[in-house]
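As structure tokens, the structure follows; a few thoughts come after it.
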Amino acid sequence: MKKSRSLLSFTLALALLLGLALPLTACSPSEGGKSSSKTVSGTAELAETKTDKAASGDAEKSSENKDDSATVAGEEKAETADQGGETSNKAEADAEKSKADGQTAESTPAETFASVLTEAPEEAQKHAALTAAKVNGKEMSAAEMNFYLAASFRNNLQMSPFDAQGRKLLATAMPQKDGSMRPLRDAVIQSFAEQAPQMRFLVDQAKEKGTELSDEMKKSIDDFFSSLREDAAAQKADFNEYIASLFGPGITEEQLRSVFTDTYLAVKFQEDTRNAYEFSDEDYEKGYEKLKDQLDLFTLRAYTVNVDPKADKAEKESSTASEAKPGEDGSQAQPGETANDKKQAESQKDDAASEKMAPSEANAPEKSEELSQSESTSSESSASEAATTLSEEEKKAAAEKAAKEAEARHDASLKAANEIKDKIKSEDDFKSEILKLADEKEKKSLEEHDRTLIKNVSVEGLPSALRSWLLDPSRKEGDVQVVDVNQQVMLVYFIKRERPEKPDFTTRHILLMLDQSKDFEEAKAEAQKKVDKILKEYKENGESEDAFAELAAKYSEDPGSKDKGGLYENVRPGSFIPEYEAWSLDPARKEGDVEAIFTDNQAYKGFHIIYFKKIGRPVWKTAVQQALASEKFNAWIKDNKDKMSFETVAEGLAYVLPYDEAAMAESLKKIEEAKKTDETTPAETPSEEETSAKEASSEEHSSKENADEKTTDEEPTDEESSNETTSGK
């Protein structure tokens with residue numbers, strides 16, 4: 001089923017608002033907070049009967065139901081289908097209780113989830129309107145809860161919880177810390193219960209403060225429903241049945257539009273509140289001090305040293321530093337390189353060579369590391385193929401020889417790098433010393449293209465050893481270091497570290513790509529006609545920002561901004577292609593300027609029609625403002641936690657996230673059979689297999705601890721990545 005662009009935009013907005021994430025690992029009841037305790041008891045009431053039966057050992061059923069469409073989902077299905085019938089039992093009990101109390105059948109919960117999915121539309125709509133929870137004291141219908149949970153599913157797993165695949169996944173047994181098992185459905189509801197009170201609180205605040213949706217948000221809502229109708233029509237499906245398949249049984253367009261609007265209100269209120277915060281210069285400076293290691297930009301020179309000890313020895317004997325045999329294409333291979341090594345090394349140099357390298361692309365050290373790993377993998381693969389005809393002893397000998405040669409190469413490179421390091425006193429020294437490792441052709445290439453120079457790069461993504469060296473407070477211009485990264489030797493010369501003072505900018509744009517199937521000149525001429533047509537429409541429509549936004553939504557080929565009217569806000573210098581940035585950062589630029597620029601590079605061949613909106617603050621200041629605003633907003637949310645609560649209502653909750661009860665029944669049967677088998681097996685001294693399993697489990701636990709320790713050393717993700725989009729930036 002096609003996923004509409006408006007649906008994509010909405011699930012993204014929802015994810016940003018709630019931080020929606022499915023609890024796809026072992027979950028346990030939250031120990032703190034009013035809403036958490038009520039949620040656990042509420043969902044547990046629906047699940048208590050069969051939950052205890054699904055003790056463990058659900059992996060057998062899971063492997064049968066694996067789905068390649070989502071890796072995470074596939075992992076969960078490794079435990080698929082233990083637990084689904086729990087709600088059924090409770091629902092039946094509630095139905096009996098309702099009859100005893102003299103209630104009508106219409107007000108009783110569903111007897112089974114299967115009955116929910118086969119209800120007539122009128123009945124489904126009536127049940128979808130039932131209260132499934134009380135959020136901050138206000139009722140939330142089953143339809144509304146299903147809507148949010150469906151959005152969460154789509155955001156995390158790219159699937160609907162209401163199709164066959166989703167219902168099976170919802171029956172996945174999730175182990176709890178107390179040893180019990182619960183279905184993923186309950187865990188999903190638990191997770192939502194921890195997020196929903198804040199969302200509803202923001203909606204109420206937005207309405208109380210009179211927050212209004214922007215024109216773009218209103219258009220996004222209208223476009224959303226238009227795209228849904230188009231999708232339903234394309235599949236020849238009834239519209240109401242179609243939206244029910246996406247967002248839950250019985251949901252109506254009116255309910256869907258109401259929830260959709262409320263969500264955007266919460267998003268808008270949050271944005272407005274954060275943007276309204278003001279901070280002093282002192283606040284900014286203190287904030288910068290906390291974030292400077294993430295924000296600062298570095299300029300350096302880096303060169304990967306790769307010396308073959310055999311070739312090095314031959315060079316010394318001949319007293320010639322440039323006798324390495326040229327490659328087949330006439331270029332110079334590094335001493336000891338194979339043709340394949342040379343090609344990969346050339347690729348590495350090309351990646352790091354661009355003089356106009358943007359900060360987001362300037363990660364030459366990282367690329368070198370990745371290339372080294374790629375070369376290693378390639379060599380190992382070739383050795384493996386050759387070893388297939390060898391005996392075990394010969395294979396072992398070959399492996400030992402390869403390891404010794406790799407170690408010798410590394411040691412020789414390390415020695416050569418340290419010898420070079422001691423001779424480097426300036427940038428000129430750096431450039432001249434590395435040239436001694438190259439033949440005449442490579443020397444000329446290095447002189448024409450200053451490949452070792454890396455400008456304005458952040459430490460994000462750099463090897464940890466290099467990152468630590470660059471961030472050392474004592475680092476100063478002219479410092480030289482040999483950095484050893486995964487058996488790859490890198491020579492580094494430090495030039496400067498600086499705060500990113502260049503301002504960010506905000507623009508709208510319309511991207512028109514050339515038709516690659518046509519002759520270049522012909523394709524460019526066709527694209528130019530489209531540009532002329534769009535600019536003509538822009539003038540006819542009043543030459544306003546809104547007019548441009550509408551044209552962007554209509555014509556732009558950039559999926560990253562099309563649904564936002566071509567808008568890119570607070571773009572960090574270095575994130576977009578040079579031509580785009582040069583135009584946007586021109587000191588003469590003023591708000592409302594519009595121009596079409598043509599770019600012809602590897603990434604983009606086509607036109608960018610740009611609408612200039614504004615020059616912002618220095619990059620560092622924008623980043624600090626966002627961090628300070630988030631901190632202040634989160635503190636405000638925390639101060640209002642006493643106004644937030646969540647309590648489930650069994651009657652309506654029976655119509656939330658129906659799952660596959662048949663899969664649950666089959667799983668329970670297998671579990672019972674496994675238990676009987678265990679009971680008939682006498683308790684004896686652990687077998688070798690059991691002992692091995694325990695040892696493996698212990699090793700796995702140790703490995704996890706080591707992995708956790710390693711994770712703590714990783715740097716946070718740089719915020720500039722949010723601006724690196726398909727727009728050629």
Side-chain angles (χ1 to χ4, degrees), residues 297-308 321-322 324 326-327 329-375 413 416-417 419-421 423-459 461-463 465-467 469-470 477-486 488-496 574 577-578 601-603:
L297 300 177
F298 296 80
T299 299
L300 60 145
R301 290 186 178 276
Y303 184 77
T304 301
V305 181
N306 185 17
V307 175
D308 187 317
S322 58
D329 60 357
S331 62
Q332 180 67 34
Q334 289 285 353
E337 280 186 316
T338 64
N340 185 54
D341 290 335
K342 180 190 74 60
K343 288 180 180 179
Q344 294 186 5
E346 286 298 324
S347 175
Q348 172 190 348
K349 291 170 185 172
D350 288 342
D351 285 342
S354 175
E355 289 184 64
K356 299 180 180 179
M357 184 179 292
S360 60
E361 299 172 325
N363 209 344
E366 180 183 22
K367 290 178 181 176
S368 298
E369 182 178 14
E370 293 173 351
L371 181 63
S372 174
Q373 293 171 348
S374 175
E375 291 174 341
S413 299
E419 290 176 352
I420 293 174
K421 172 189 173 184
K423 299 175 183 178
I424 296 174
K425 306 300 179 183
S426 66
E427 278 193 76
D428 288 339
D429 290 343
F430 184 95
K431 291 187 287 186
S432 63
E433 289 298 325
I434 64 170
L435 287 176
K436 293 178 182 179
L437 298 177
D439 68 356
E440 291 303 318
K441 183 172 183 178
E442 187 178 0
K443 285 179 183 178
K444 183 178 180 181
S445 177
L446 286 170
E447 290 169 347
E448 292 177 352
H449 308 286
D450 200 356
R451 300 177 182 177
T452 65
L453 182 63
I454 302 171
K455 296 180 178 180
N456 301 323
V457 62
S458 69
V459 296
L462 296 182
L466 177 56
R467 184 169 63 238
W469 184 75
L470 290 172
E477 183 179 0
D479 285 353
V480 183
Q481 180 70 356
V482 175
V483 181
D484 196 348
V485 181
N486 295 334
Q488 184 175 14
V489 178
M490 192 181 303
L491 185 66
V492 185
Y493 182 93
F494 183 85
I495 298 176
K496 65 179 178 179
I577 54 176
N601 53 48
Q602 281 187 329

About how many Å separate [atom2] of [Y] and [atom1] of [X], when rounded to the nearest 0.5 Å?
X: Thr299; Y: Ile454; atom1: OG1; atom2: CD1; result: 9.5 Å
X: Leu435; Y: Phe430; atom1: CG; atom2: CZ; result: 10.0 Å
X: Leu470; Y: Leu462; atom1: CG; atom2: CG; result: 6.5 Å
X: Trp469; Y: Asp479; atom1: CH2; atom2: CG; result: 5.5 Å
X: Ser413; Y: Met490; atom1: OG; atom2: CE; result: 12.0 Å
X: Leu491; Y: Ile424; atom1: CG; atom2: CD1; result: 4.5 Å

With [X], which residues qualify under salt bridge (charged side-chain N to carboxylate O under 4.0 Å, His left out), at least two apart?
X: Asp484; answer: none
X: Lys423; answer: none
X: Lys421; answer: none

For [X], all residues meeting side chain to side chain donor-acceptor pair (under 3.5 Å), sequence neighbours excluded:
X: Ser445; answer: Arg451
X: Glu427; answer: Arg301
X: Gln481; answer: none

Subject >> Salt bridge present between Lys436 and Glu433 (N-O < 4.0 angstrom) >> reply: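 Between Glu433 and Lys436 there is a salt bridge, with a charged N closer than 4.0 Å to a carboxylate O.
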Original post:
Quick one: are Tyr303 and Tyr493 in side-chain contact, heavy atoms under 4.5 Å?
Top reply: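 In short, these two side chains do not touch, never coming nearer than 4.5 Å.
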Subject >> Side chain to side chain, Val480 and Ile420, heavy atoms closer than 4.5 Å >> reply: no
Subject >> Contact summary for Thr452 and Ile434, nearest pair of heavy atoms >> reply: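 It is CG2-CD1, 3.3 Å.
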**OP:** List the atom of Ala465, the atom of Val485, and the distance in Å for their closest heavy-atom pair.
**Re:** CB-CG2, 4.5 Å
